[in-house]
Structures are given as C-alpha cells and as structure tokens.
Amino acid sequence: STISVDNHAITIHDADDAEIATVTSSGGSLSAPNGFELLTNATFDGFGAINGDLYFASGGSVITATSTGIIMNGLLRNDSGMIDGTRYIFNQNPSGSPGGWTGAGTINARVVFNSGTQVNALANMTMGSNATDGVTFNAGSELHADTRHVTLIDSSGIGLPSITDMDTFGRVTCTQNLTANLGRRVSGRGTVQTPLLTILGTLAPGELTSVALGETGTLTVDGALTLGATANTDIQIGGITPPFQFDRVLATGPVTL
C-alpha cells in the first residue's frame, strides 16, 4: 500500500501504532495521535512533518529526507533500518511527551534537536553531516549516551545540549571542538573525545540524571579542557578513594582554568 501525502494533511487513527508501508510527502503532514510503525522494508521519502512517534524495529526500512527535510514532532525510535537525506528537525510530541531519537544506528543528514527532545542511545549512534550546521542542539535538548558510543559529525564545532551525560564506558566523540554553554551541563562517568571541550556551564563528573545526587566517578576528556569564567565544577568529596569516594576529571590534553 502507498500513502501519497503531497502537500496536504493526513491523519490516521488507530488504537495503538498505525502500521504503514510506502509513504511519499511533498511538504505535507502525516499525523497519528497514537504513533506509527514502519513495516518491514517500508520507505518514507520526501519532506514535510510527521506528527506522532514513529517506530521501525523491522529490518530493511528506509527514511529519506529531501528538500527542506523532515520535521519530526515526536520520538523516532529505530533499532535497524536506514535514515538519510538532507535534514531532520526534532521537536516535542504535540501531546507533550518528549521527542527526539531513541535507538541505534546512523542518521546520515543534518540534525536539529529543539527544546523537549532527547537523544537516548540504546546502542552505538552516529549523527550529522560534514557541514557547519551538521549537528545542532538547541536549549532544552538532552543527550544521554549511557554506556554507548555517540559520534557527532560537524565541520565547525558543536554546542552541546542542556544536559549531556554518559555512564561508565559511555563515550561522546566529535572531531571538532565541543562547548557546553552557560546553563548547560556535562556529567557522568564516561569519556568526551574532542580536540577541545570548553565548559561555560557546569561540569559534574560522576553524576547521571538517572541516579541520586552524590554518586561519584571519573569523567575523562580525551583532548584539551577549558573552564571559562562562568563555569561551575561540581565535585563530590566523601573520602580518599577514587572513584568511589570522590569525583575527578581526567584530561589527556592541556587544561585551562
């Protein structure tokens, strides 16, 4: 079956996920209040808006953004399949639940994460494009690497989201510089791999958003580290044994305080 949205608006009602196969869109909007599921070997091609959570756990599915790209008003959840094209803009679900990207794999396109969105790595992730706007995290977005490896691709450096954290063995990697601006937070027990990590907000080794405050651990910066004049460093101290009784930051490159 084929759904041709063109530049119109189509709403699909289902008690749970509406199952869809081939979809083409030329600037229109496809909505499902209870979400969508792409079937095996399904395709979604074009540009416009998707209103509702979109799942594709089946293999062989492909989403290709063209022209101005796809606006995802909801959560994109994938365990397999291919996501490529021009640009994906992620917004909060119209219902108020978080939007963004949860799962694994690669988005071979420019990505923008707006307020109310999260990136949750269930396995290794790669996203972005070799462009000056390859990856954009706007205020109110979050990146949770957990124990996975998240690779960010951009040609000029990236401002990190409001919350960036990683658990033990988790890693956030970018070949360009990364910056946590004022009001934004980098925390956890993993590794940030970048030529230069600049903190203008808060650096909190050991802490994750999913655990109680007071957890301790080591956050490693594989590269240089600069703490700006507005930076805060949140260190827990409760003994002399690292990383079980106090936090620490390890940097492989020069540190500027």
**Student:** If you take all heavy atoms of Pro205 and Arg248, which pair is closest and at what distance?
**Tutor:**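 Result for this residue pair: CB-O, 3.4 Å.
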
**Student:** Please tell me whether Val23 and Ile107 are part of a single hydrophobic cluster in this structure, the criterion being side-chain heavy atoms less than 4.5 Å apart.
**Tutor:**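 Yes, Val23 and Ile107 fall within the same hydrophobic cluster.
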
**Student:** Could you note down all residue pairs passing salt bridge (Lys or Arg N to Asp or Glu O under 4.0 Å) where residues 94-116 supplies at least one of them, sequence neighbours left out?
**Tutor:**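 Checked against salt bridge (Lys or Arg N to Asp or Glu O under 4.0 Å) - neighbours excluded - the pairs reaching residues 94-116 are Arg110-Asp133.
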
**Student:** Quick check for you: to the nearest 0.5 Å, what is the distance between Gln176 atom CD and Ile153 atom CD1?
**Tutor:**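 Answer rounded to 0.5 Å: 11.0 Å.
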
**Student:** Is it the case that Gln236 and Glu207 place a side-chain donor and acceptor less than 3.5 Å from each other?
**Tutor:**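 Short answer, yes.
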
**Student:** Ignoring hydrogens, what is the shortest heavy-atom contact between Thr102 and Met125? Give both atom names and the distance.
**Tutor:**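 Smallest interatomic distance, heavy atoms only, reads C-CE, 4.1 Å.
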
**Student:** Should Val255 and Leu227 be counted in the same cluster of Ile, Leu, Val, Met, Phe, Trp and Tyr side chains packed under 4.5 Å apart?
**Tutor:**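 Shared cluster, yes.
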
**Student:** With respect to Ile83, which candidate in Thr64, Leu76, Asn108 satisfies the side-chain contact (heavy atoms from CB on, under 4.5 Å) definition?
**Tutor:**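 Looking at Thr64, Leu76, Asn108, the match for Ile83 under the side-chain contact (heavy atoms from CB on, under 4.5 Å) is Leu76.
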
**Student:** For a 4.5 angstrom cut-off between non-hydrogen side-chain atoms, does Leu250 reach Val221?
**Tutor:**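 When only atoms from C-beta onward are counted, Val221 and Leu250 do not touch, as no gap falls below 4.5 Å.
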
**Student:** Can you tell if the side chain of Ile3 reaches within under 4.5 Å of the side chain of Ile10, non-hydrogen atoms only?
**Tutor:**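 Of all side-chain heavy-atom pairs linking Ile10 with Ile3, at least one is under 4.5 Å.
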
**Student:** Has Asn78 got a side-chain atom pairing as donor or acceptor with Ala104's backbone, closer than 3.5 angstrom?
**Tutor:**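 Judged by distance alone, yes, a pair lies under 3.5 Å.
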
**Student:** When you compare the side chain of Arg171 with that of Gln193, does any pair of heavy atoms fall below 4.5 Å?
**Tutor:**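 Side-chain contact under 4.5 Å: yes.
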
**Student:** Quick one: CZ on Phe36 to OG on Ser31, what's the gap to the nearest 0.5 Å?
**Tutor:**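 OG of Ser31 is found 6.0 Å from CZ of Phe36.
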
**Student:** So, using ring-ring contact (aromatic ring centres under 6.0 Å, His included) as the criterion, who are the partners of Tyr88 when residues are at least two apart?
**Tutor:**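 If we apply the ring-ring contact (aromatic ring centres under 6.0 Å, His included) test to Tyr88, skipping adjacent residues, there are no hits.
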
**Student:** Once rounded to the nearest 0.5 Å, what's the spacing between atom CG of Leu203 and atom CG of Leu225?
**Tutor:**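 If I round to the nearest 0.5 Å, the distance is 6.5 Å.
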
**Student:** Under 3.5 Å, side chain of Asp154 to main-chain N/O of Val135, donor-acceptor pair present?
**Tutor:**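 Side chain of Asp154 to backbone of Val135: a pair is present.
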
**Student:** Nearest 0.5 Å please: distance from the CG atom of Asn73 over to the CG atom of Leu75.
**Tutor:**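 Atom-to-atom, Asn73:CG and Leu75:CG are 12.0 Å apart.
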
**Student:** So, Asn93 versus Ser95: side-chain donor-acceptor pair below 3.5 Å or not?
**Tutor:**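 There is such a pair (donor and acceptor under 3.5 Å, judged by atom type) between the side chains of Asn93 and Ser95.
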
**Student:** Evaluate the side-chain proximity of Ile12 to Ile20: yes if any heavy-atom separation is below 4.5 Å, no if none is.
**Tutor:**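 Yes, at least one pair of side-chain atoms sits under 4.5 Å.
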
**Student:** Give a yes or no on whether a salt bridge exists between Arg185 and Asp234, defined as a side-chain N under 4.0 angstrom from a carboxylate O.
**Tutor:**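 Result for this pair is yes, salt bridge flagged.
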
**Student:** Would Phe137 end up clustered with Val150 when hydrophobic side chains under 4.5 Å apart are linked, directly or stepwise?
**Tutor:**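 Per the 4.5 Å side-chain linkage, Phe137 and Val150 are co-clustered.
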
**Student:** Could you check if a side-chain atom of Thr179 sits within less than 4.5 angstrom of a side-chain atom of Leu200, using non-hydrogen atoms only?
**Tutor:**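 Side-chain contact under 4.5 Å: yes.
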
**Student:** Distance-only, no hydrogens or angles: does the Asp247 side chain make a donor-acceptor pair with backbone N or O of Gly217 under 3.5 Å?
**Tutor:**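 Looks like yes, one N/O pair under 3.5 Å.
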
**Student:** Taking the side chain as everything from C-beta on, heavy atoms only, tell me whether Trp101 gets closer than 4.5 Å to Met127.
**Tutor:**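 Heavy-atom side-chain distance check passes, below 4.5 Å.
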
**Student:** Check whether any side-chain heavy atom of Arg87 lies under 4.5 Å from a side-chain heavy atom of Val112, and answer yes or no.
**Tutor:**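 Yes, side chains in contact.
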
**Student:** Between Asn120 and His144, what is the shortest heavy-atom contact and its length?
**Tutor:**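 Here Asn120 and His144 meet closest at OD1-CD2, 3.3 Å.
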
**Student:** For a side-chain contact (heavy atoms from CB on, under 4.5 Å) check, start with the C-alpha distance between Leu160 and Val186, then their side-chain angles and the critical distance, and finish with the verdict.
**Tutor:** CA-CA 8 Å; Leu160 290 170; Val186 176; 3.8 Å; yes

**Student:** Any pair with a residue in residues 45-55 that passes salt bridge (Lys or Arg N to Asp or Glu O under 4.0 Å), sequence neighbours left out, goes on the list, sorted by first then second residue, please.
**Tutor:**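 Passing the test, one end in residues 45-55: no pairs.
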
**Student:** Test of understanding: clusters of I, L, V, M, F, W, Y form through side-chain heavy atoms closer than 4.5 Å, transitively. Do Leu257 and Leu182 belong to the same one?
**Tutor:**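 No; Leu182 is not reachable from Leu257 via cluster members.
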
**Student:** When rounded to the nearest 0.5 angstrom, what distance separates CD in Gln118 from OG in Ser162?
**Tutor:**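 Reported value, rounded in 0.5 Å steps: 11.0 Å.
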
**Student:** Specify the closest pair of heavy atoms between Ile63 and Phe56, including all atoms of both residues, with the distance to one decimal.
**Tutor:**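 Heavy atoms only, the tightest pair is CD1-CE2, 3.6 Å.
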
**Student:** Could you go through Asp14 and Asn34, starting from their C-alpha distance and side-chain angles, then the distance that decides it, and tell me whether this counts as side-chain hydrogen bond (donor to acceptor under 3.5 Å, both in side chains)?
**Tutor:** CA-CA 7 Å; Asp14 195 285; Asn34 292 318; over 6 Å; no

**Student:** Write down the atom of Thr194, the atom of Leu178, and the distance for their closest heavy-atom approach.
**Tutor:**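 Heavy atoms only, the tightest pair is OG1-N, 3.5 Å.
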
**Student:** Does Asp17 use its side chain to pair, donor to acceptor, with the backbone of Glu19 at less than 3.5 Å?
**Tutor:**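 Checking the backbone N and O of Glu19 against the side chain of Asp17, no donor-acceptor pair under 3.5 Å is found.
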
**Student:** Does Ile163 belong to the same Ile/Leu/Val/Met/Phe/Trp/Tyr cluster as Ile158, with side-chain heavy atoms less than 4.5 Å apart forming each link?
**Tutor:**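 Ile163 and Ile158: separate clusters.
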
**Student:** For Gly223 and Ala251, which heavy atoms make the closest approach, and how far apart are they?
**Tutor:**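 Closest approach of Gly223 to Ala251, heavy atoms only: O-CB, 4.0 Å.
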
**Student:** Is a side-chain donor or acceptor of Ser155 paired with a backbone partner of Ala131 at a separation under 3.5 angstrom?
**Tutor:**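 Judged by distance alone, yes, a pair lies under 3.5 Å.
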
**Student:** side-chain contact (heavy atoms from CB on, under 4.5 Å), that's the test. Do Asn177 and Thr198 meet it? Break it down for me.
**Tutor:** CA-CA 8 Å; Asn177 296 341; Thr198 300; over 6 Å; no

**Student:** Test side-chain contact (heavy atoms from CB on, under 4.5 Å) on Ile70 and Phe44 and set out the steps.
**Tutor:** CA-CA 10 Å; Ile70 292 176; Phe44 195 115; 4.1 Å; yes

**Student:** With the side chain counted from C-beta on, respond yes when Leu197 and Thr226 share a heavy-atom pair under 4.5 Å apart, and no when they do not.
**Tutor:**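 Not touching, per the 4.5 Å side-chain cut-off.
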
**Student:** Between Asn114 and Phe90, does the side-chain contact (heavy atoms from CB on, under 4.5 Å) criterion hold? Intermediate values first, please.
**Tutor:** CA-CA 6 Å; Asn114 290 320; Phe90 293 90; over 6 Å; no

**Student:** So how far is it from Ser25 OG to Leu30 CG, rounded to the nearest 0.5 Å?
**Tutor:**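 Going from OG on Ser25 over to CG on Leu30, the span is 7.5 Å.
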
**Student:** Donor-acceptor pair, distance only, cut-off 3.5 Å: does the side chain of Arg189 make one with the backbone of Asp167?
**Tutor:**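 Not at all, since once roles are kept as given, no pair shorter than 3.5 Å links the two residues.
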
**Student:** Look only at the side chain of Arg77 and the backbone of Tyr55, and say whether a donor-acceptor pair between them is shorter than 3.5 Å.
**Tutor:**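 Flag not set: sc Arg77 to bb Tyr55 has no pair under 3.5 Å.
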
